[in-house]
2 protein chains.
Amino acid sequence: MELAAAKLKFIEAWGKLGSEWGINRTMAQVHALLLISPEALTTEEIMETLSISRGNANMTLRDLIGWGLIEKQHKAGERKEYFFADKDVWNIARQVAKERKKRELEPVLKVLNELSSVQGDDKDPEYKTFKKSITDINKLAGNVDKTLETMLKAEESWFWGSVLKVFK
Amino acid sequence: MELAAAKLKFIEAWGKLGSEWGINRTMAQVHALLLISPEALTTEEIMETLSISRGNANMTLRDLIGWGLIEKQHKAGERKEYFFADKDVWNIARQVAKERKKRELEPVLKVLNELSSVQGDDKDPEYKTFKKSITDINKLAGNVDKTLETMLKAEESWFWGSVLKVFK
DNA sequence: TTAAAGTTTCAAAAATTATTGAAAGTTTAT
DNA sequence: ATAAACTTTCAATAATTTTTGAAACTTTAA
């Protein structure tokens, strides 16, 4: 396969994966494009390569900055803004984990904790079933949360070394 | 908080979490409803409780069965079908991990492997950057895959015991 | 067989989400 | 102060996803 074709295929695959995981396709594609670009790119270049509008490009780039996945760069003597992606895949994974934990996991944990304190009659099957499911989900979510917390602080080699060693 | 209100809140929260993670809101809500129901429910009861149409309920229930999260039950002497959710949260997590691994992770791993074999000139920064990103993502995805694989086979207590022990 | 009870299907409609593009805004240089 | 270069905003539109509901289908019992 040609490099040019391979790049397109990667952008497409990354976009598809993103859209399956609640990240808008265009955002994932822009990220993919920047991930495989040795140089920072301008909005124009991104619009052109992915055939998207200026407005879309601008919003998407802003979101990616918000996720901590790319940064603006300026070149001496130029007005244009350039965008450059962090290429460290472990940083990317941590960044995504951090944001999704904050935006999605934590709000749910908060609700689950509230629901955990609902009182009722242990003889009532409705209450018993509710209570047990909430408690179990809460425990699992707590473990996920702790593991992500560790991941956020860890070096990649240490993290996978530790996790995979256990599973031999 | 009243049990009835708490149930609604749980259904809503579970639906929101689902929709943020690429699972249709109604499907997550039906799952939530069955998770906190001690008894199996009929299509009618589900339609009624969640205010959804028969067609939607039917399709959603079929999908949930496809995900291995609920099962049909029949009561002696009745024509109606009842639906019952597996209440074991670790089973649920494994089942979801299994399906998403198969449907989403594996196809991407396949593409990444193809892309890994693209040849090029190591002096070409375009090629070098592409190669490095693909290789790194491939390694990370491989580790995730291995960990999920272990999770699928493991008992909950063993799995979290092992993972969390490392992180003390 | 027939009809009642129940389930499934799927084209059309509704709801949601993403994208466009042009106008408004900003910054810089002269 | 003006204009050129560039960025941001957002109402309107397009695309996608979800839901509806009625017709078709299936199963069971009389």
Side-chain angles (χ1 to χ4, degrees), chain A residues 11-12 14-34 40-67 69-84 100 103-104, chain B residues 11-12 14-34 40-67 69-84 100 103-104:
Chain A
I11 290 168
E12 196 192 343
W14 207 237
K16 181 149 177 282
L17 187 66
S19 69
E20 287 165 344
W21 285 86
I23 284 152
N24 139 4
R25 162 183 251 81
T26 300
M27 179 166 153
Q29 288 184 338
V30 171
H31 185 227
L33 173 61
L34 290 173
L41 302 180
T42 61
T43 302
E44 298 282 342
E45 290 168 317
I46 292 164
M47 286 165 58
E48 168 101 356
T49 310
L50 300 178
S51 308
I52 61 174
S53 71
R54 185 174 300 284
N56 195 5
N58 183 269
M59 278 183 156
T60 297
L61 289 165
R62 180 140 47 71
D63 284 351
L64 282 167
I65 291 171
W67 277 76
L69 296 174
I70 69 173
E71 58 175 30
K72 276 188 189 174
Q73 284 187 350
H74 291 276
K75 297 205 176 178
E78 287 199 47
R79 297 262 308 264
K80 270 202 286 285
E81 294 176 334
Y82 287 76
F83 298 90
F84 186 77
R100 299 205 78 155
R103 297 174 193 210
E104 294 145 22
Chain B
I11 290 168
E12 195 193 343
W14 206 239
K16 180 147 178 284
L17 186 67
S19 69
E20 286 164 344
W21 285 85
I23 284 152
N24 139 4
R25 163 183 251 82
T26 301
M27 179 166 153
Q29 288 184 337
V30 171
H31 185 228
L33 172 61
L34 289 173
L41 302 180
T42 61
T43 301
E44 298 283 342
E45 290 169 319
I46 293 164
M47 287 165 58
E48 167 100 357
T49 310
L50 301 178
S51 307
I52 61 176
S53 70
R54 185 173 300 285
N56 194 8
N58 184 269
M59 281 182 154
T60 296
L61 289 166
R62 179 142 45 70
D63 284 351
L64 282 168
I65 291 171
W67 277 76
L69 297 175
I70 68 172
E71 57 174 32
K72 276 188 190 174
Q73 284 187 350
H74 291 277
K75 298 206 175 176
E78 286 200 48
R79 296 258 313 261
K80 270 203 286 288
E81 294 176 333
Y82 286 78
F83 298 91
F84 186 77
R100 300 205 78 155
R103 298 173 193 211
E104 294 144 24

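Excluded from the calculations below are hydrogen atoms, water molecules and symmetry mates; all remaining heavy atoms, backbone and side chain alike, are included. Protein chains get the first letters and strands the later ones, always in sequence-line order, with residue 1 at the start of each.
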**Q** How about A:Val30 and A:Leu64: do any of their side-chain heavy atoms sit closer than 4.5 Å?
**A** yes
**Q** From CZ of A:Arg79 over to C1' of C:dG25, roughly how many Å is that when rounded to an integer?
**A**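 These atoms are roughly 13 Å apart.
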**Q** Answer yes or no on whether B:Arg103 is positioned over the face of B:Trp67, meaning its NZ or CZ is under 6.0 Å from the six-membered ring centre and within 45° of the axis.
**A**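 Relative to the ring axis of B:Trp67, which defines the angle, B:Arg103 lies inside both limits.
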**Q** Is the phosphate of D:dT19, meaning OP1 or OP2, less than 4.0 Å from a side-chain N or O of B:Thr26?
**A**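 Result: yes.
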**Q** Please report, rounded to the nearest Å, how far the C1' atom of D:dT18 is from the CZ atom of B:Arg25.
**A** 11 Å
**Q** Let me check the geometry of the helix from C:dT1-D:dA30 to C:dT30-D:dA1. What is the bend angle between the axes at its two ends, five pairs each, to 10°?
**A**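 What I find for the helix from C:dT1-D:dA30 to C:dT30-D:dA1 is an axis angle of 0°.
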**Q** Do the non-hydrogen side-chain atoms of A:Ile46 and A:Leu33 ever get within less than 4.5 Å of each other?
**A** yes
**Q** In whole Å, I'd like the distance from the NZ atom of B:Lys80 to the P atom of D:dT27.
**A**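 Rounding to the nearest Å, NZ of B:Lys80 and P of D:dT27 are 18 Å apart.
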**Q** Rounded off to whole Å, could you give me the CD-to-P distance for the B:Glu44 and C:dG6 pair?
**A** 8 Å
**Q** If you look at every strand shown and take non-hydrogen atoms under 4.0 Å, does B:Ser51 touch a base, only sugar-phosphate, or nothing?
**A**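 Sugar-phosphate contact only - B:Ser51 comes under 4.0 Å of backbone atoms but never of a base.
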**Q** Is the positively charged end of B:Lys75 above the ring of B:Tyr82, judged by distance under 6.0 angstrom from the centroid and angle within 45° of the axis?
**A** yes
**Q** Verify the neighbour count for atom CD of B:Glu48: are there more than 12 heavy atoms of other residues, nucleotides or ligands below 6.0 Å?
**A** no
**Q** Starting at CE of B:Met47 and ending at P of D:dT20, how long is that distance when rounded to a whole Å?
**A**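 Distance check: B:Met47 CE to D:dT20 P gives 9 Å.
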**Q** Are B:Arg54 and B:Glu44 within salt-bridge range, i.e. N to O under 4.0 Å?
**A** yes
**Q** Mind calculating the distance between NE2 (B:His74) and C1' (C:dA5) to the nearest angstrom?
**A**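 That distance rounds to 14 Å.
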**Q** So do B:Glu45 and B:Met47 actually touch side chain to side chain, heavy atoms under 4.5 Å?
**A** no
**Q** For B:Glu12, is there an ion pair with B:Lys16 - N to carboxylate O distance below 4.0 angstrom?
**A** no
**Q** Ring of A:Trp21, cation from B:Arg100 - is the NZ or CZ under 6.0 Å from the centre and inside 45° of the axis?
**A** yes
**Q** Using whole Å, report how far CD1 of A:Ile46 lies from P of C:dT19.
**A** 14 Å
**Q** Look at the side chain of A:Asn24 and decide which nucleotide, out of C:dT27, C:dA4, C:dT19, has an atom nearest to it.
**A**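 The closest nucleotide is C:dT19.
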**Q** Give every pair of a protein N or O atom and an N or O atom of nucleotides 8-10 of chain C that lie under 3.5 Å apart, one pair per line with the distance.
**A**
unit_1	atom_1	unit_2	atom_2	d
C:dT8	OP1	B:Lys72	NZ	3.3
C:dT8	OP2	B:Asn58	ND2	2.4
C:dT9	OP2	B:Arg62	NE	3.4
C:dT9	OP2	B:Arg62	NH2	2.6

**Q** Using whole Å, what does the distance between atom C1' of nucleotide D:dT19 and atom CG of B:Leu61 come to?
**A** 14 Å
